[in-house]
Structure formats: C-alpha cells, structure tokens
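The chains referred to below are lettered A, B, ... by the order of the sequence lines, with proteins before strands, and numbering in each begins at 1.
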Amino acid sequence: MTTTTLDALLASSTWTRQLTDAQLDRVRFDMAVRPFAAGTTVCARATPSAHWLGVMDGMLKLENITEAGKSSTFASVPAGAWFGEGAVLKGEPRPYEVVALRDSAVAFLPRSSFMWLLEDSHPFALWMVGHLNARLGHFVAMVQNQRLGDITAQVAYGLAGLFHSDLYPSTERRITLSQEEIGRLCGLSRQVVNRTLQELQERGALRLSYGSIEVTDLDVLKAIARGG
DNA sequence: ACATTAACGATGA
DNA sequence: TCATCGTTAATGT
C-alpha cells in the first residue's frame with residue numbers, strides 16, 4: 001500500500017466509513033503526520049500513550065528489549081494498519097517500543113480525540129470492539145501455533161499474520177523485511193529462518209529475493225501456518 | 001535431535 | 001562500501 005497522503009489512508013481505513021462528515025473533519029484536523037527514517041524510534045517504551053497510530057507508509061515493528069539487549073518483535077505493522085488503542089484505552093505507558101523498519105510515515109490521533117470519537121460514534125465503538133477482538137484472536141492463534149506447530153508453521157504464521165484481513169487490511173504481496181527481521185518477528189534465529197524460508201519457497205508459498213520476499217500463494221502459506 | 005551463536009565468504013544495491 | 005544472504009562449525013538444552 002502506498003498512501004502518500006493522510007486523506008488516502010483515511011479513505012482506505014474501514015473505521016472512517018460510518019463517521020459523519022463532522023466527525024471525520026475533526027479527526028482529520030486533529031491528526032498529525034510525521035516521517036520517520038528507517039531505524040528511528042516512533043514511540044519510546046514506557047512513555048505516555050498519547051496517541052492512536054496509523055501507518056501511512058513504510059513498516060513499523062513493536063518490540064520489547066531485555067536488559068541483556070535482546071529484542072523480541074511481537075508485531076510488525078505494515079502500511080494501512082492502526083494500532084496502539086490498547087495502551088490508550090488503559091491510560092498506561094506504552095509497554096513496547098515502536099521502531100520504523102523502513103522509511104515510514106505515521107499518522108497520530110491524539111488520545112483526547114480518540115476518546116471523544118469513541119463516545120461520539122457508536123459505529124466507531126463497535127468497530128473498535130471488532131478490532132480488539134481480531135487482535136485477541138490473532139495472539140491466541142499465535143500461542144497455539146507456537147505450542148503445537150513446528151518451526152515451519154511458526155515462520156509461516158509470522159508471515160501470514162501480516163495479511164490478517166482485519167488488522168492489516170492492505171498488506172502488499174512483497175514484504176520488504178530482512179531475514180534477520182523476520183527472525184525477530186517469528187522468535188527464531190536468522191539461520192533457522194533462512195533455511196525455513198527456502199523450504200517455504202520450495203513448497204510454492206513465496207519467492208525469495210535480496211532484502212525482501214514475495215508471497216506468491218497466501219493460501220498455501222496459511223495452510224502451512226495451520227500445520228500443513 | 002535441533003535450536004542458537006559465531007564466523008566466513010559471496011553477492012546485491 | 002555496507003547490508004544481506006547462504007552456509008558451516010561449535011555449543012547448549
């Protein structure tokens with residue numbers, strides 16, 4: 001997805017569809033857009049969760065870093081996705097670091113506007129319930145995948161997750177992530193990911209290239225993620 | 001067994 | 001030149 005403008009991002013986001021013109025006008029007015037270079041921090045961990053975030057362009061990751069300096073990515077967020085509602089709703093500091101994986105543009109909706117919209121628009125509140133439910137389902141499935149699946153299923157799930165139709169509605173087939181980053185996303189070493197990606201390529205799910213992969217058969221990838 | 005880290009050379013941008 | 005990839009060896013659980 002290449003939403004070069006805020007209007008394009010809002011137009012392609014399902015949650016705007018049932019807002020009144022006045023509500024959408026206020027949202028657009030309150031929203032700020034900022035660019036981030038690859039590798040820079042979008043939101044530091046443990047800082048106030050002052051915004052709900054939308055990815056206009058690029059790709060972000062949500063990660064936690066241990067005292068020893070090891071990082072674990074629990075979600076990669078492609079363009080077109082909205083996230084961070086959990087921390088905003090709880091009014092708690094952000095429990096994870098948000099980092100730009102590539103040059104990215106991020107839209108920020110202030111917490112006050114977000115809370116207002118939640119009260120002012122019943123359809124938006126319902127959409128948010130569905131969004132949270134989708135997120136919960138995704139992570140429940142992820143736990144199951146890790147407990148019951150093999151390594152191949154684990155990598156397939158990590159990649160297929162980027163195509164979750166509710167959470168990440170407009171992910172491009174070509175995923176510009178290094179194997180190192182895919183490893184962080186799947187909780188596996190780069191070497192194992194390298195071997196597994198080659199297997200997924202043999203099985204016709206994707207095609208490997210330098211610095212990116214192209215998912216050529218999402219159904220196959222999802223089937224493998226379920227334990228095929 | 002099988003994953004992890006470390007290390008190496010090869011190669012693409 | 002630097003990041004990334006593919007591979008191997010040593011090590012740990």
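- C:dG6 atom C1' lies 14 Å from atom CD1 of A:Ile182, rounded to whole Å.
- Backbone-only engagement by A:Gln198 is indicated by non-hydrogen atom pairs under 4.0 Å involving sugar-phosphate atoms exclusively.
- Note on ring orientation: taking the six-membered ring where Trp is involved, the planes of A:His138 and A:His164 are perpendicular (angle over 60°, cut-offs 30° and 60°).
- For the pair A:Glu199 CD and C:dG6 P, the interatomic distance rounds to 15 Å; values are reported in whole Å.
- At the phosphate of C:dC5, neither OP1 nor OP2 sits under 4.0 Å from any side-chain N or O atom of A:Asn194.
- Minimum atom distance to the side chain of A:Arg190 is reached by C:dG6, of the listed C:dG6, B:dG12, B:dT4.
- The CG atom of A:Leu206 sits 13 Å away from the P atom of C:dC5 (whole-angstrom rounding).
- One atom, CD of A:Gln179, and another, C1' of B:dA10, lie 14 Å apart when rounded to the nearest Å.
- Residue-environment remark: CZ (A:Arg207) stays at or below the threshold of 12 foreign heavy atoms within 6.0 Å.
- Contact check for A:Leu167 versus A:Phe83: no side-chain heavy atoms found under the 4.5 Å cut-off.
- Residue A:Ser178 is classed as a sugar-phosphate contact, given heavy-atom separations below 4.0 Å to backbone atoms only.
- Projected onto DNA chain B by closest heavy-atom contact, A:Tyr210 and A:Gly187 fall at different nucleotides, the more 5' of which corresponds to A:Gly187.
- Residue A:Gln191 places a side-chain atom within donor-acceptor reach of the base of B:dA6, judged by atom type and a 3.5 Å distance cut-off alone.
- For A:Glu180 and C:dC2, the CD to P distance is 18 Å, given to the nearest whole Å.
- Rounded to whole angstrom, the span from the CZ atom of A:Arg102 across to the P atom of C:dT4 amounts to 12 Å.
- For the pair A:Thr176 (side chain) and A:Ser212 (backbone), a donor-acceptor distance under 3.5 Å is absent.
- Separating the CG atom of A:Leu101 from the P atom of C:dT4 is a distance of 10 Å, rounded to the nearest angstrom.
- Proximity note for A:Arg195 (side chain, C-beta onward) versus B:dA3, C:dG6, B:dT11: the nearest is B:dA3.
- By the 30° and 60° cut-offs, the orientation of the rings of A:Phe114 relative to A:Trp52 is tilted.
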